[in-house]
Participant: 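Below you will find the structure I want to go over with you.
As the structure lists them, so they are numbered: ligands from 1, and atoms in each ligand from 1. Note that this is a predicted model, so its numbers are computed, not measured. Count residues from 1 along the sequence.
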Amino acid sequence: MKQRCTKDNIVFRKEWRFISKNDRKDYIDAVYCVQSKPSLYDEKVAPGSKNLFDSFSLVHINLTHLAHGNFNFLSWHRYYVWVYEQALKECGYNGPIPYWEWGFDVDDPDQSPVFDGSPYSLGSNGAPLPDRAATYALGPPPPVPPPPNGGFQIPAGRGGGCLMKGPFSNMTCNLGPIAPASDRSYSSDWFRYNPQCLVRDLGTFIGPRWVAFNWTVWTIEESPDIVAFESRLTGDSGKGHGNHTQNGFGLHGGGHSFVGGWTGQMGDFYAAPQDPVFFLHHAQIDRVWSIWQWLDFEERREAAYGTLTFFNVPPTRNGTVDDLLDMGKLAPALPQRDIMSTIDGPFCYFYE
Ligand SMILES: [Cu+2]
């Protein structure tokens, strides 16, 4: 699977707030269209996959242990976001998928063009929850053992409940929760049908500490090799994936928890793609990776490290670029080698 990428057909993915209101409206309509298409999975096998959008979540859930905290993390999500972009295209959205640059919104996410609840946003924050505890504990999801102190305490965000207004405030999430970031509960019934509203808990604690512009620049500029880069990106201390420390989210987990916080879908390690902003967050992760790659493309084109399992639980061999990336029924499996560049292989895009 290769296409010829030239200056005439390359597309540039842009930040959400820098595409026109018309394009934002078209994007939102296309997401609703994906949500109206039939599931790729049989009801009997996956009762929670009610439509094509759910099937994306289902594939992520099913492959969580193969696609995180290991060799496949960056490449798998690059391919996954691209496959979603093709689904939007089939639903009439002709632009490249936009990304969300968290840095703009760390101080006041409720005013963000992504979350202000206007018809041109991805919906609002969650409704404030009355009588909630002032802090909650956040730690790595099962099967990773909890840190000795049980996780670290995060002040509650401004939301915590269902979206209040705007696009997707009326949507139903059909899958999960499986492993919410805010507690150690875990459902082994990964494909069950469990209709819920979309929940967010945006606040001002997590953003400035993990996903402000300075952290993105630091991740890109201070990482001489892939171990250093992924350590900063994922909050891994560099001794192996999943070695979380007290101050360890990195950009990836920071963006997830910034939105999902306390029990929001974005805080669920498995079922996070049920929040439509997941794909903009992961486009931004992909952007940071591709910028880092292009600072020394020859050295960094095929740079990846780790084994084939989630935090190497259970232990597996190291990955290679010949290993296939599984997309379930969404798309054919492809060797990682094809995914490592955004401009030669099946892809032809870059970021503005
Ligand atoms: Cu993921």
Participant: Looking only at N, O or S atoms, which one in His60 sits nearest to the Cu ion (ligand 1)?
Facilitator: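 The nearest such atom is NE2.
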
Participant: Would one find an N, O or S atom of His77, in either backbone or side chain, under 2.8 Å from the Cu ion (ligand 1)?
Facilitator: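 An N, O or S atom of His77 is closer than 2.8 Å to the Cu ion (ligand 1), so yes.
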
Participant: If the threshold is 4.0 Å, N to carboxylate O, is there a salt bridge linking Glu101 and Arg287?
Facilitator: yes

Participant: Quick one: do Asp338 and Arg78 make a salt bridge, cutoff under 4.0 Å?
Facilitator: no

Participant: Taking everything shown except Glu298 itself, do over 12 heavy atoms lie less than 6.0 Å from its CD?
Facilitator: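 Incorrect, the count does not exceed 12.
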
Participant: Can you tell me which N/O/S atom of His68 has the shortest distance to the Cu ion (ligand 1)?
Facilitator: NE2

Participant: Before accepting this row, confirm whether a basic side-chain N of the pair Lys14/Asp23 lies closer than 4.0 Å to the acidic partner's carboxylate O.
Facilitator: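 Salt bridge between Lys14 and Asp23, a charged N being under 4.0 Å from a carboxylate O: no.
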
